[in-house]
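This report concerns only the one structure given below.
Protein chains get the first letters and strands the later ones, always in sequence-line order, with residue 1 at the start of each.
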Number of protein chains: 2
Amino acid sequence: MLYRKGENAKNGSKQQLYARFAEVARALGSDHRLELLELMAQGERCVEELAELAGLTVANASQHLQHLRRAGLVTRRKERKYVFYLLTGDAVLNLVTSLRVTAERHCAEAAGIVDLYFRRRDALEPVSRQELRRRQREGSVVVLDVRPAKEFAAGHIEGAINIPVKELERRLTEVAGGREIVAYCRGPYCVMALEAVAKLRERGFRARRLQDGYPEWRLEGLPIAAGLPGPRGRPGVFSDREPRKSRRAHSR
Amino acid sequence: MLYRKGENAKNGSKQQLYARFAEVARALGSDHRLELLELMAQGERCVEELAELAGLTVANASQHLQHLRRAGLVTRRKERKYVFYLLTGDAVLNLVTSLRVTAERHCAEAAGIVDLYFRRRDALEPVSRQELRRRQREGSVVVLDVRPAKEFAAGHIEGAINIPVKELERRLTEVAGGREIVAYCRGPYCVMALEAVAKLRERGFRARRLQDGYPEWRLEGLPIAAGLPGPRGRPGVFSDREPRKSRRAHSR
DNA sequence: AGGTTACTCAATAATTCATTTGAATGTTAT
DNA sequence: ATAACATTCAAATGAATTATTGAGTAACCT
């Protein structure tokens with residue numbers, strides 16, 4: 001055991017706790033794993049699917065997924081031949097969002113990269129404009145504008161309701177459950193819709209964000225084919241149990 | 001064999017961005033760095049001070065700090081002979097909090113540790129920040145900051161009095177009986193407030209502890225007395241600290 | 001049964017990280 | 001100027017992490 005002097009000497013368990021937190025953080029410390037997490041944020045997926053979407057070999061993806069599982073960030077569900085991985089809960093999504101926000105806000109170096117990235121981001125698998133329009137016609141979706149009221153008043157997507165992201169917490173009752181929610185904000189560089197989706201999911205809503213934002217909707221309306229095809233199977237079907245499988249300790 | 005190409009090519013910017021996020025996450029992926037962050041959440045500190053509090057050699061602490069700095073999580077300020085490190089902003093605190101919440105909620109293993117270590121914590125039901133705020137307004141409570149004087153000076157809850165936990169025994173007379181005492185310290189994993197509450201109760205005071213600590217209070221925008229840079233004393237002067245001797249680092 | 005699919009495991013090399021040591025800055029006091 | 005101090009740097013070591021390979025397991029399909 002480790003010994004330390006001073007006021008910390010007496011609590012090694014505090015150190016243990018920090019070590020555990022660090023382990024979780026380290027699980028986030030890989031670009032591939034972050035990408036896998038964002039893919040899983042849309043719903044459960046099987047290993048091969050994740051591997052292909054993230055551009056990894058299956059074996060490598062499998063190992064990354066197990067790393068995440070060891071850290072408690074994802075769980076898995078076996079069905080027939082397949083193993084579906086999913087996020088352990090929405091706290092994970094919050095954590096990833098928080099990481100992104102912090103990284104964006106405090107890394108000048110990243111700012112340039114962020115711009116590039118946001119121009120063509122497909123990471124959170126947004127709803128395309130085309131898809132949203134189709135689903136709006138079906139009435140299977142609630143469109144949520146999370147920009148400030150003034151901007152909403154100046155123009156917004158037809159049929160959208162407006163709850164600024166800052167008021168979302170206390171106005172949650174205005175959002176009817178049941179239908180999936182599609183949130184949007186100012187545009188591709190704006191994180192408000194991301195935050196809204198994270199919050200909504202935390203409260204048990206099904207929520208996704210719209211690709212880009214209002215200006216793009218208004219100006220173009222013509223969706224480019226998304227980088228990723230829609231989620232296979234039925235999305236949003238989460239089952240929470242995990243048949244705890246054999247776990248081997250690795251000796252080294 | 002590898003799906004590393006094709007129309008879904010993960011070219012530069014996206015990978016670069018993920019890599020940047022991962023770098024930030026990796027900076028959090030060390031128990032020592034997490035501890036340093038918690039210390040800095042109390043206010044800026046110089047390297048030697050941080051090293052001693054975290055039980056590291058100065059050189060090692062310096063390198064960890066630079067790791068954090070590279071990730072954009074802390075900045076530094078030079079003054080005279082000293083280099084003071086501080087958190088880049090509150091987003092960092094949010095990130096660390098988010099990490100903690102996620103780790104607690106989703107790691108069975110961590111839950112065990114948290115439980116073991118903080119079984120007492122639950123026994124001493126904490127006062128929520130809202131409750132404290134309310135009772136502060138009615139004047140029915142004494143707020144007691146049990147952190148070292150230096151941290152108190154760097155910023156504290158408005159209206160709080162400061163008696164470091166180590167001096168509590170011999171300064172008990174300063175605490176008026178009658179009103180209930182709410183003690184707080186650095187944060188949720190800091191035991192100083194717990195100890196203070198235990199001691200106070202032994203002496204017949206009514207005492208509870210505040211949920212979390214000063215950084216969380218400040219983060220919510222609740223009233224604080226901000227520290228003044230003012231005439232700065234020499235850093236590293238701790239009232240009752242033994243002279244430094246050899247330090248043992250440790251591995252786990 | 002034999003073959004395929006979906007995933008995991010074990011062993012490897014390449015890389016990165018943490019820590020220690022001692023020396024090199026740069027600032028302040030004498 | 002010299003000494004003392006605070007911090008950083010540079011090199012070395014061992015430990016941990018990564019991607020790759022190929023083998024292993026279990027479910028599924030004729």
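The NE2 atom of B:H67 sits 15 Å away from the P atom of D:dT8 (whole-angstrom rounding). When the P atom of D:dA6 is taken as reference, atom CZ of B:R45 falls 16 Å away, rounded to whole Å. A:L56 has its CG atom 16 Å from the C1' atom of D:dT21, to the nearest Å. Rounded to an integer number of Å, the gap from CZ of A:R77 to C1' of D:dA27 is 15 Å. Taking atom CD of B:E52 as the reference point, atom P of D:dT7 lies 12 Å away to the nearest angstrom. Separating the CG atom of A:D31 from the P atom of D:dT17 is a distance of 16 Å, rounded to the nearest angstrom. B:H32 places its NE2 atom 17 Å from the P atom of D:dA15, with the value rounded to the nearest Å.
Qualifying side-chain contact (heavy atoms from CB on, under 4.5 Å) partners for B:R69, counting only residues two or more places apart in sequence or in other chains: B:V74, B:R76, B:Y85. Considering only residues two or more places apart in sequence or on other chains, B:R171 meets the side-chain contact (heavy atoms from CB on, under 4.5 Å) condition with B:I163, B:P164, B:E167, B:E174. A search for side-chain contact (heavy atoms from CB on, under 4.5 Å) contacts involving B:Q63 returns nothing, not counting sequence neighbours. Applying the side-chain contact (heavy atoms from CB on, under 4.5 Å) test to B:T97 and every residue at least two apart in sequence or in another chain returns B:R100, B:V101. Partners of A:S140 by side-chain hydrogen bond (donor to acceptor under 3.5 Å, both in side chains), not counting sequence neighbours, listed by chain and number: A:R135, A:E138.
Here the CG-CG distance, from A:L28 to A:L73, works out to 5.5 Å after rounding to the nearest 0.5 Å.
Both A:R80 and A:S30 sit near DNA chain D, but only A:S30 has its closest nucleotide nearer the 5' end.
Between B:H64 and the phosphate of C:dC17, there is no side-chain N or O to OP1/OP2 separation shorter than 4.0 Å.
Using a 4.0 Å heavy-atom criterion, one finds that B:R69 contacts no nucleic acid atom at all.
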Under 3.5 Å, which N/O atoms of the protein pair with N/O atoms of nucleotides 3-8 of chain C?
| residue | atom | partner | partner atom | Å |
| --- | --- | --- | --- | --- |
| C:dT5 | O3' | A:K81 | NZ | 3.4 |
| C:dA6 | OP1 | A:Y82 | OH | 3.3 |
| C:dA6 | OP2 | A:E48 | OE1 | 3.2 |
| C:dC7 | OP1 | A:V47 | N | 3.1 |
| C:dC7 | OP1 | A:V83 | N | 3.3 |
| C:dC7 | OP1 | A:V83 | O | 3.4 |
| C:dC7 | OP2 | A:E48 | N | 2.8 |
| C:dT8 | OP1 | A:R76 | NH1 | 2.3 |
| C:dT8 | OP1 | A:Y85 | OH | 2.9 |
| C:dT8 | OP2 | A:S62 | OG | 2.7 |

